[in-house]
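Working notes, beginning with the structure itself.
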Amino acid sequence: MEETNLNQTIRCIVKLGGAAITCKSELEKINEENLDTVSSHLRQAMNLGSCSKQVMGMDWSKRDGVSDISSSLCDFGDQCQFNVDFSRFVVVHGAGSFGHFQASKSGVHKGGLNQPLVKAGFVATRISVTTLNLEIVRALAREGIPSIGMSPYSCGWSTSERNVASADLLGVAKAIDSGFIPVLHGDAVLDDRLGCTILSGDVIIRHLAEHLRPAYVVFLTDVSGVYDRPPTDPNAVLLREIAVDEDGKWSVVKPTPQSMNKQVEITVAAHDTTGGMVTKISEAAMIAKLGIDVYIVKAATSHSLRALRGEL
């Protein structure tokens with residue numbers, strides 16, 4: 001694994017949950033309202049300068065349904081007004097309604113790249129997730145965030161029995177030190193034992209946290225946080241604080257287990273090839289074990305803006 005030598009420390013790694021930025025019940029449909037709000041929140045959290053400064057949009061390409069590009073070079077005569085100081089963030093997003101369908105139907109997550117259906121599904125999955133990555137990069141760019149898409153497969157990430165075996169951490173570090181915000185995503189990757197598999201965004205975040213050591217990590221989800229059972233259950237209880245021991249085991253602190261009087265139950269959607277909330281809690285616990293604070297909060301809310309700013 002490559003050594004990473006950053007010139008400065010990382011402030012935050014953010015996970016944009018797939019269910020929070022897409023409409024998971026509709027194939028390959030982005031939740032535009034949530035994505036726009038999240039992008040604005042990220043700009044506000046990253047911006048160390050005056051919030052009154054004008055946004056310099058960086059998406060200069062045409063969009064479907066929009067007649068003109070969002071910015072014109074002639075608008076940037078006085079470039080001094082755009083000298084915004086962005087703090088050091090890394091963004092990782094899930095797939096939501098992009099990628100999961102293709103991966104689950106073809107069995108990419110199970111391996112077997114020698115099978116025609118799996119190979120076709122590998123290609124289809126990557127087309128889908130990279131399409132979403134581009135749209136997220138563009139949304140961030142329209143907010144003046146200098147974002148750079150970095151697809152794990154294309155950047156040399158691979159696994160061995162679903163565990164990260166290689167990762168281009170140096171490329172991520174160079175992008176950060178150059179003033180860019182890397183935007184990674186869950187991806188179909190090669191696996192030296194299985195042939196191929198799905199590398200989830202949650203696993204990517206944990207690996208980045210281990211090597212980049214951010215001040216804190218934020219998971220933005222489609223619900224208010226972690227519940228003791230599926231949040232659709234009317235008896236579900238929000239777990240406000242979870243403590244992680246040195247051995248990686250976690251336990252509920254607030255509310256107290258006595259007041260709950262029940263065990264935590266977790267389910268995974270049938271189409272989710274990355275483990276769903278089970279993987280999210282497991283990876284979040286591994287990050288917390290490193291001594292890094294982890295916030296799990298609903299995207300596009302005032303609470304999520306506070307979390308992105310590191311305000312407990």
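- For the residue pair Y295 and R306, no side-chain donor N or O sits within less than 3.5 Å of a side-chain acceptor on the partner.
- In this structure, a donor-acceptor pair under 3.5 Å is present between the side chains of S40 and Q44.
- Judged by distance alone, the side chain of Q102 and the main-chain N or O of G99 form a donor-acceptor pair under 3.5 Å.
- Under the 4.0 Å criterion applied to side-chain N and carboxylate O atoms, D222 and K298 are not assigned as salt-bridge partners.
- Note: F86 and F180 fail the aromatic proximity criterion, with ring centroids not under 6.0 Å apart.
- D192 and S160 form a side-chain donor-acceptor contact under 3.5 Å, judged by distance and modelled atom types alone.
- Proximity of a side-chain donor or acceptor of S147 to a complementary backbone N or O of V137 within less than 3.5 Å is detected.
- At a cut-off of 3.5 Å, with distance as the only test, a side-chain donor of H185 or S151 sits close to an acceptor on the other residue.
- Checking S128 against E28 by side-chain atom types alone, a donor-acceptor pair falls below 3.5 Å.
- We find the CD-CG distance between E135 and D59 to be 8.5 Å, quoted to the nearest 0.5 Å.
- Salt bridge annotation for D191-R162: absent, with no cationic side-chain nitrogen under 4.0 angstrom from a carboxylate oxygen.
- A45 and S87 get closest at one heavy-atom pair: O-OG, 4.1 Å.
- More than 12 heavy atoms of other residues, nucleotides or ligands lie within 6.0 Å of CD in E241, so this atom counts as buried by the packing criterion.
- Distance CD1/I30 to CG/L132: 5.5 Å, rounded to 0.5 Å.
- Distance OG/S106 to CD/Q115: 10.0 Å, rounded to 0.5 Å.
- Within the 4.5 Å cutoff, the side chain of W157 has no heavy atoms near those of the D187 side chain.
- A donor and an acceptor atom, one from each side chain of S158 and S166, are located under 3.5 Å apart.
- In this structure, the side chain of T22 engages the main chain of S97 through a donor-acceptor pair within 3.5 Å.
- No side-chain heavy atom of S282 sits under 4.5 Å from any side-chain heavy atom of R206.
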